[in-house]
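Here is how names work: the chains are called A, B, and so on, in the same order as the sequence lines, proteins then strands, and each is numbered from 1.
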Amino acid sequence: MPEPTFLREPILDWYAENARDLPWRRPDATPWGVLVSEIMLQQTPVSRVLPVWTEWMARWPTPAALAAEPPGEAVRRWGRLGYPRRALNLHACARTITAEHGGEVPSDHATLLSLPGVGEYTAAAVASFAFGGRHAVLDTNVRRVLARAVRGEQYPPRSTTAAERALAEALLPEVGAPTWSVAVMELGALVCTARAPRCAACPVAHLCRWRLSGSPEGPPRKGQAYAGTDRQCRGRLLAVLRQAHGPVPKQALDVVWDDAVQRERALDALVADGLAEPLPDGTYRLPV
DNA sequence: GACCCGTGGTC
DNA sequence: TGACCAAGGGT
């Protein structure tokens, strides 16, 4: 395997020339802005996050501002970003930060990790990008770049392994770790893409082990079915609650999904997740 | 580790 | 056209 540190210079030079100008990367971005961006970006493309993030920052520039709202308002303003529990998580983050951390986003990895919806990746990303900390940032982009360039595989393992963490830590420079991390992520997002990698534009194509071995196709990976699932049903039901500006009669929910058994199960799950609230009169609304 | 959780774009 | 994919996390 190529000495992994050989990757650093070319990738950092490439990033200096090709980095996108994203608002949460600007010098005036706050730790809160970074945290909001990282949670919005979970499994969600940048292009869809941009307008929602901008609205959130204008409306709720601090954790305290969001904490003052009912959780349902966060869900409503989440729009169609998907995985709406993230909106609830962000709202809970805001209340915890306001109540227990003096209104300031915590800077250390362990405390970040204790916040709802903040896992290993997000804690490392916020500690790095908002506070300059030195942490291995292993997202799907980084994992794919390292799998190809170093391990010679088309795709990384399905779940993160100890070997991947060890490699990411070994690559982390003593100085400038956050820039290195965002540079690898950017390379994965713009060049070393999952489907049709643009190897002609890649600064490390000449030492990419996967490329050098002929870019062999790995086994096909099964995607998740969606049509007809509870997830799709939940999405339809929640869309009705989001669009309404008050309680909606149950009949308004019934008309968006035919299968009554599945519909009731999904609605119960939304209530259990705190995304919907049943009222005594049989209507439903976003949580207050 | 397996499975669940939304949504829309892409080839 | 439908399968795959996108800065994951929780159970």
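The phosphate of B/dT7 (OP1 or OP2) has a side-chain N or O of A/Arg242 nearer than 4.0 angstrom. The phosphate of C/dG8 has OP1 or OP2 within less than 4.0 Å of a side-chain N or O from A/Gln43. For C/dC5, one of the phosphate oxygens OP1 or OP2 lies less than 4.0 angstrom from a side-chain nitrogen or oxygen of A/Arg221. The phosphate of B/dG8 has OP1 or OP2 within less than 4.0 Å of a side-chain N or O from A/Arg80. Contact between the side-chain N/O atoms of A/Tyr226 and the OP1/OP2 oxygens of B/dT7 is found at a separation under 4.0 Å. For A/Arg195 and B/dG9, the shortest distance from a side-chain N or O to OP1 or OP2 is not below 4.0 Å.
Looking at heavy-atom distances under 4.0 Å, A/Tyr155 makes contact with sugar-phosphate atoms alone, never a base. Counting non-hydrogen atoms under 4.0 angstrom, A/Ser37 reaches nothing in the nucleic acid. Among the heavy atoms of the strands lying under 4.0 Å from A/Leu81 is at least one base atom, whether or not backbone atoms are also near. Residue contacts for A/Ala125: at a heavy-atom cut-off of 4.0 Å it reaches no nucleic acid atom on any strand shown. Backbone-only engagement by A/Ala189 is indicated by non-hydrogen atom pairs under 4.0 Å involving sugar-phosphate atoms exclusively. Among the heavy atoms of the strands lying under 4.0 Å from A/Trp24 is at least one base atom, whether or not backbone atoms are also near. If you check every strand for non-hydrogen atoms under 4.0 Å, A/Arg234 touches sugar and phosphate atoms only. The residue A/Gly82 sits close to a base: some heavy atom pair falls under 4.0 Å. Contacts of A/Ser159 with the nucleic acid, taken as non-hydrogen atoms under 4.0 Å apart, involve only primed sugar atoms and P, OP1 or OP2. Among the heavy atoms of the strands, none lies under 4.0 Å from A/Leu237. Using a 4.0 Å heavy-atom distance criterion, A/Val118 is classed as a sugar-phosphate-only contact. If you check every strand for non-hydrogen atoms under 4.0 Å, A/Asp230 touches sugar and phosphate atoms only. Among the protein residues, A/Arg25 comes within range of the nucleic acid bases, having at least one heavy atom under 4.0 Å from a base atom. Within 4.0 Å of A/Pro220, counting heavy atoms only, lies no atom of the nucleic acid at all.
For A/Arg48 against B/dT7, a side-chain-to-base donor-acceptor contact under 3.5 Å is present.
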Trace of the side-chain contact (heavy atoms from CB on, under 4.5 Å) decision for A/Tyr15 with A/Leu187
CA-CA 7 Å; A/Tyr15 181 71; A/Leu187 185 66; over 6 Å; no

Evaluate A/Val118 against A/Asn89 for side-chain contact (heavy atoms from CB on, under 4.5 Å), listing each step before the verdict.
CA-CA 8 Å; A/Val118 176; A/Asn89 287 337; over 6 Å; no

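Atom CG of A/Asp281 has more than 12 heavy atoms from other residues, nucleotides or ligands within 6.0 Å. Annotation for A/Glu9: atom CD does not count as buried by contact number, only 12 or fewer foreign heavy atoms lying within 6.0 Å.
Checked options A/Thr96, A/Leu35, A/Thr111, A/Val126; the residue passing with A/Pro106 is A/Thr111 (criterion: side chain to side chain contact (heavy atoms under 4.5 Å, CB included)).
Place A/Tyr83 and A/Lys222 on DNA chain B by their nearest nucleotides, and A/Lys222 ends up nearer the 5' end. When each of A/Ala194 and A/Gln42 is assigned the nucleotide of DNA chain C with its nearest heavy atom, A/Ala194 is the one assigned upstream, toward the 5' end.
As the counterpart of B/dG1, no nucleotide is assigned, since no Watson-Crick or G-U wobble pattern has both distances under 3.5 Å.
Classified by interplanar angle (parallel below 30°, tilted 30° to 60°, perpendicular above 60°), the ring pair A/Trp24/A/Trp53 is perpendicular.
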